[in-house]
Amino acid sequence: MGIQCVDCVRDAARQTRPARTAFGGAVTGRTPVVTYTLIALCVLSYVLQLTVPGWTQRLAFAPVLGETEPWRFLTAAFLHSQNQILHIVFNMVALWSVGPFLEAMLGRWRFLALYLLSAVGGSVMFLLLASPDSLSWFTWLVGASGAVFGLFGAVLVVLRRTGRSAGGIVGVLVINAVLGFVLPGVAWQAHLGGLVVGAALGTAFAYAPRERRLPVAVGACAGVAVLLAAAVLVSYGAV
């Protein structure tokens with residue numbers, strides 16, 4: 001019976017490339033750390049909203065404040081309506097439902113970039129569709145819906161790329177799209193912005209050639225970030 005030395009086994013393990021999905025994620029059943037961290041941050045922020053005076057006002061987004069306090073484009077995605085607990089519940093359930101799948105398929109950094117850029121995309125679309133001459137310019141925007149819709153957009157692309165049925169996700173999108181126009185206080189603009197960004201990044205991640213997967217992913221994230229920044233600058237420049 002042959003015996004391998006410990007050092008030989010260790011060196012062989014270092015030289016062996018980990019198995020990857022078609023989109024760059026690790027095949028091994030790793031814990032979806034990014035998904036759980038995002039959920040934890042949203043829940044923690046919600047607790048702080050309820051306990052720390054001014055927490056929501058310091059981080060929520062409003063078009064009138066975005067030019068001088070640009071961090072609000074992102075931080076608003078970690079806040080939720082204090083008077084409607086179902087707001088955070090629905091968003092966290094949606095994140096928990098699709099997050100682990102996407103994180104496993106795309107890999108942690110791609111998934112995180114997708115989530116954060118989709119969140120910013122939701123705020124940017126809210127800005128672009130707001131009018132400086134109306135109350136929309138002073139309306140607060142909170143919630144992870146833009147980021148979650150970005151995940152929905154990416155899931156649609158990934159499922160199509162792998163030949164799986166996307167009927168369930170399409171149904172959820174249609175229902176939420178209708179609710180966005182029927183229920184008061186729902187920022188359908190953020191949903192739209194997140195969906196567009198998520199679908200665009202999902203397409204870049206899913207259809208990148210294997211040998212150029214990393215540069216395409218990095219370039220797509222950088223390109224989306226630049227386009228979002230340009231849209232913000234143009235929007236405020238026109239005011």
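The CZ atom of F152 sits 9.0 Å away from the CG atom of L156 when rounded to the nearest 0.5 Å. L106 contributes atom CG, which lies 10.5 Å from atom CZ of R213 (distance to the nearest 0.5 angstrom). Atom-to-atom distance recorded for Q189:CD and L127:CG is 11.0 Å, nearest 0.5 angstrom. For the atom pair L117 CG and L74 CG, the distance stands at 9.0 Å (nearest 0.5 Å). Atom CG in L141 sits 5.0 Å away from atom OG in S123 (nearest 0.5 Å). Taken from NE2 in H80 to CG in L86, the straight-line distance is 11.5 Å, to the nearest 0.5 Å.
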Please report, to 0.1 Å, the donor-acceptor pairs under 3.5 Å made by any side chain of residues 52-59, with sequence neighbours excluded.
from	atom 1	to	atom 2	distance (Å)
W55	NE1	S45	OG	3.1
T56	OG1	Q49	NE2	2.9
T56	OG1	Q82	OE1	3.1

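Minimum heavy-atom separation, V216 to P209: CG2-CD, 4.5 Å. Considering all non-hydrogen atoms of both residues, A77 and C42 come closest at O-SG, 4.0 Å. Looking at every heavy atom in both residues, A217 comes nearest to R110 through CB-NE, 3.7 Å. Counting all heavy atoms, side chain and backbone alike, T35 lies closest to L95 at CG2-O, 3.8 Å. Smallest separation of non-hydrogen atoms from A199 and V157: O-CG2, 3.8 Å. Nearest heavy atoms, V33 versus R108: CG2-NH2, 3.5 Å.
The number of heavy-atom neighbours closer than 6.0 Å to CZ of F101, taken from other residues, nucleotides and ligands shown, is above 12. With a 6.0 Å radius and a threshold of 12 heavy atoms from other residues, nucleotides or ligands, L214 has its CG atom above the threshold.
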Side chain to side chain contact (heavy atoms under 4.5 Å, CB included) between W188 and L129, intermediate numbers included: CA-CA 10 Å; W188 60 267; L129 297 179; 3.7 Å; yes
message: Please evaluate residues L228 and F73 with respect to the criterion side chain to side chain contact (heavy atoms under 4.5 Å, CB included), reporting the C-alpha separation (whole Å), side-chain torsions for both, the decisive distance (0.1 Å), and the verdict.
response: CA-CA 10 Å; L228 292 176; F73 282 92; over 6 Å; no
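Note: the hydrophobic cluster containing V224 also contains L102 (ILVMFWY, side chain heavy atoms under 4.5 Å, direct or indirect links). Side-chain heavy atoms closer than 4.5 Å link hydrophobic residues (I, L, V, M, F, W, Y) into clusters, and following such links, possibly through other members, connects I85 to I39. Linking Ile, Leu, Val, Met, Phe, Trp and Tyr whenever their side-chain heavy atoms come within less than 4.5 Å puts L41 and V98 in one cluster. Note on V43: it clusters hydrophobically with Y46, by side-chain heavy-atom contacts below 4.5 Å among ILVMFWY residues. By the rule that hydrophobic residues join a cluster once side-chain heavy atoms approach within less than 4.5 Å of another member, L44 and F78 end up as members of separate clusters.
At a threshold of 4.5 Å between non-hydrogen side-chain atoms, the residues C221 and F205 count as touching. You'll find the side chain of S145 reaches within 4.5 Å of the side chain of N91, heavy atoms only. When side chains are defined from C-beta on, Y207 counts as touching R160, because their heavy atoms get closer than 4.5 Å. Between L201 and Y115, the closest side-chain pair of non-hydrogen atoms is not below 4.5 Å. Counting heavy atoms from C-beta outward, L38 and V34 have side chains that approach closer than 4.5 Å. Here the side chains of T75 and L79 are not in contact, with every heavy-atom distance at 4.5 Å or above. Looking at Y236 and P70, their side chains never come closer than 4.5 Å, going by heavy atoms from C-beta outward.
Classified by interplanar angle (parallel below 30°, tilted 30° to 60°, perpendicular above 60°), the ring pair F149/H191 is parallel. The aromatic rings of F61 and F126 lie perpendicular to each other, with more than 60° between the two planes, well past the 30° mark.
In this structure a side-chain-to-backbone donor-acceptor pair under 3.5 Å is present from S97 to V93. Without hydrogens or angle criteria, Y36 side chain to W96 main chain gives no donor-acceptor distance under 3.5 Å. Side-chain atoms of S136 come within 3.5 Å of backbone N or O of S131 as a donor-acceptor pair.
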